[in-house]
Every structure is written in structure tokens, then in C-alpha cells.
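Quick notes on the structure that follows.
Just so it is clear, the values below take in all heavy atoms, side chains as well, and ignore hydrogens, waters and symmetry mates. From a predicted model like this one, the values you see are computed outputs, not experimental measurements.
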Amino acid sequence: MRKLMAVIICTILVFSGVVVPSEAAALDGAGTELNPYMITNEAQLRMISDFPDAYWRLASDIVLTDNWAAVGTTGDDFTGTLDGNGYKITGFNVTVSYGQDSKEGGFIEYNYGTIKNLRLEGSVTTARPSGGFLVFSNHGTIENCSTAGTLTNENTRWTNADVGGMACYNNGVIKNCYSRVKMIRNKYVSGGTNDLTEMAGFVSTNQGTIINCYAACEMSWPYSIGASYIPHGFVGYADTKNGGSAEGCYYDKELSGCSDSTMANGRSTVAMKMQAGYANWDFKDIWTMDENVNDGYPYLQVERSVARKVTGLSIDRTTASVAEGGTIVLAPVFVPANATNKNVTWSTSSRYVATVDENGVVTGISEGTAVITAVSEDGGYTASCVVTVTKTPAVIDDYTVNSLKAEEQQNGRFHVWANITKNSGREDVDTIMIVLYDSEGVMMDYIFMEAQFAQGQTANFGGVLKADGDIMIKAFVWDSLDSMIPLSNTIQQYF
């Protein structure tokens, strides 16, 4: 019916057999296997429901800002291909009320196509007796995918809770996937046995094939039930009579609190984080492990966005010196070097001795010692450098800065130039500096020229500087940018 209505209300274009309405023109691609639709934002992602038989591929991480309606709940089942391309979808949120009989949750309700290379993070909350996270019922292929977040079953009418951290029902193939979804059953139904045996970290009921997958899922149910009614860490019900099978699958029995689970080997948390425990898994091309990534559990090499946690921090030097008015740059050094979050907050023990900006640029203010400290945003690791500020050496009059002129132009730009005369017979290559400072004395911008002057030679040097607010511009000559020994007087102007 939906396709018929689309023919009536909009212009239809045909690309290699795929029907495409005119409002999809904002999408790059043609929805075909060789030229899939490229998803770069939330609005485009939601269009999957309109064209569930097309080929789709993520071109960036997607952040959802509103509740998600599972693909297929208002029309055709998903029969196309969704390639996450290693990116992730976050902000995923599905809420299913008791009265929504046709909706059972999940990102996709009924999958008859292919979902691959995708990470899904968020939450599913359902008042129905059953539900899934990535899909409700899988009849196609799910490959190289991961899920993370919470799945909460709040039904008050049924004593069972048939929910799975990857899928509720699997009648297809799931391979090389993992679930790290916290499974919660927070309602107790009186009048019967509350049976949670089909509440499972990966799949509630398996009638299909699962290969080389794992679940590291916490299970929570805030009431007492018999030992024979507790959830399962991996698969709740293994329907082997209808073809259900699993190979090379594992679950964290310590985290889940489930002592046994069908179709998977239960391991301690420590064992789950050891590569040797995953027999016949491909750690060359598909899987990888790093104690600082994914909390030490295996993750997929295709995943672009799995966080690499900071485990240590230092500064590129522990001691440094700078002259009054001079600057040096300190750089944070992270462990591991490819940590995801490399943000640090800088501070100084004495802003009267030395200041430091958000980029680690330290400016000497007055003679003394200050401790410059960096604190990592991820993990709160701390590193310090002791900076000694030395008194500005006596001016050597190898040069004379005769004048400094500046003309303010648009957009905070200043055209500046200085007139300089060489006094001595030194034949070294020296550095002419014109520097722009903000009202706090922090260097904002500069221009320089390395030149060799003859004694008595006078020259003009200039360029364009840019800054906002109140500023000060100085002109002077140094021997070099490395040692910063002054060779002239300094002329300055305020704006």
C-alpha cells in the first residue's frame, strides 16, 4: 500500500530497479548495491522506513535526537541492506507501551535483509512481553554488529520477559557480533511464576544460526524468583528442533550472574578479556583486543568509534625555562598514543610567575618558578612541568627598532610594520619579530623574518596580524626563535 501511495503523491525515478521518490533527492547515491544511499544525518536515517528494500550506508556517526520508530512497524519489513560502514548510531531510544500490539521494539522490527558493520548505542523500554535491541525478529543476516545500552522490560500483564540484547528471535544468521546491553526486568506480575528464562543477553529464542558471537551483559531483576527461572547470559531458548544452532559463542557469566546459558560457553570476566579463550575466532581480519579499548572485551576491527580510554598522561618535558615575556609550548603525551579523548585542562600554580592557555602555551610573567599542570578529561590523569621564568637579559643594542606602526582593518586584522636599523658588525642571521598580545599578556599572533643585515642598514618589515578585543603589539629583534635572546630595544602599541 505504501508503494502505491508513493506513486500517487510524488514523482518517481527509477535507478537500476530501485524505486526512488523525488523527495529523496537530498540523498547521495541511488539506493543500489553499487551505489547505495549515503546517510549523513538523522533525517536521512529515518528514511530507511520509507524505502526498506534499498541499499543504505552510513557515511558518519549519527546522533538521534528524538524517539526512534522501529523500521517496519508501519509498513514493509526490511529487505534491503544497511551497512554501518564502521560508524555508530547513538541516542537510540525506543519506548513501547502495552497497547502497541504491532510494535515490539528494536531498531528494525523484522529483518529479512542484511545489517552489517554497525554499532548501536541507546535504550529500549517495552511494556510488551517481548522485545529486541537491534532487531525484534531476524530472518536475514546480521554481521559485524555490536549493541550497547539498556533494555528494560516493564510489562505488568505477562509473567514472562522474552527479550534479547541483540535480537528477540533469530531465524536467520548472526555472526561476528557482540552485545553489551544491560538487561532489566523491573516489574513483578502477581498471580503466576515470573519466568525470566528467555530474558537473554544476546537472543531470547534461537531458531537460526549464531557464529562467533559473545554477550557481556549485566542482568537485573529486583525480586526473588526460583533458580530455574533466572535469565540466561546468551540464549534463552534454543529451538534446536527447528534448526537453532550456535558455534564458537561465549558470555560473561560473572557479569550476568547467570551460571549457565544455552548455546554458549560461560566464562569469568577475566577469561572473557583473554584472546586465547576464543577458539577459532579470526583476530587477524575481523576481531581485535586491547585492554584499553571496549573495557578489554573483544571488539570488531571495522568499528571506528570504539573508545580507546586514556590510561596515563605525561608532558613532553618535566622541567623547562622561559624568559620574562617569552613563551614555550608544552604538549600532553597520552597512553595509549591513539586514545580517543585527548582533551586536557591546563593550570598554573602562580599566574604571577607564568600563565598557560588552553593549548599549553606558557608565557613567562616574572622571575620565579611555577608548576604547570595538565589534567586529562578522560580518567582525570595528572601530569606536571616545573617552569622557571628567568629575568629578561639586558638588551643588546645590535639593532634599533626605530618605529612601529599599525593600522586596524576589518575583522580584527591589523596591518603592522616596523623600521629597523642594524648597529653592530655581527654577521649572524637574526630574527625580526612583531608580536600581538591580548589584554592578559598572552601571545595571540605573530609574524617574523629571519634576515642578515649589514651594519648601518635600515629596513622595513611588516605583515598582517589578527585578534579580538584589547591588544598590544610589540616589535623587537631576537637572535633566534629557539633561544630568544633579545638584540634590540622593544617598541609597543596598545589598541
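Counting only heavy atoms from C-beta outward, the side chains of C258 and H232 never approach each other to under 4.5 Å. Taking the side chain as every heavy atom from C-beta outward, Y299 and T288 approach each other to under 4.5 Å.
With no hydrogens or angles considered, no side-chain donor-acceptor pair links N117 and N85 at under 3.5 Å. Looking only at atom types and distance, the side chain of N93 has a donor-acceptor partner in the side chain of S123 under 3.5 Å away. A donor atom on one side chain and an acceptor atom on the other are not found under 3.5 Å apart for Y214 and R180. Side-chain contact annotation: S384 with T373, donor-acceptor N/O pair under 3.5 Å present.
For an aromatic pair to be called close, the ring centres must be under 6.0 Å apart, and Y381 with F334 fails this.
Judged purely by atom type and a 3.5 angstrom limit, D445 has no side-chain atom pairing as donor or acceptor with the backbone of L465. No donor-acceptor distance shorter than 3.5 angstrom exists from the side chain of T40 to the backbone of A59, with no hydrogens or angles considered. Judged by distance alone, with hydrogens and angles left aside, the side-chain atoms of Y446 form no donor-acceptor pair with the main-chain N or O of Y437 at under 3.5 Å. A donor-acceptor contact shorter than 3.5 Å is absent between the side chain of T147 and the backbone of L134. In this structure a side-chain-to-backbone donor-acceptor pair under 3.5 Å is present from N206 to S245.
To the nearest 0.5 Å, atoms CG (N111) and OG (S137) are separated by 9.0 Å. Between the OG atom in S376 and the CG atom in N343 there is a gap of 9.5 Å [rounded to 0.5 Å]. With values rounded to the nearest 0.5 angstrom, L255 atom CG is found 6.0 Å from E218 atom CD.
Each of D239, N138, T240 was checked for a side-chain hydrogen bond (donor to acceptor under 3.5 Å, both in side chains) with Q207, and the lone residue meeting it is D239.
A cation-pi geometry, defined here as NZ or CZ lying under 6.0 Å from the six-membered ring centre and within 45° of its normal, does not hold between K466 and F414.
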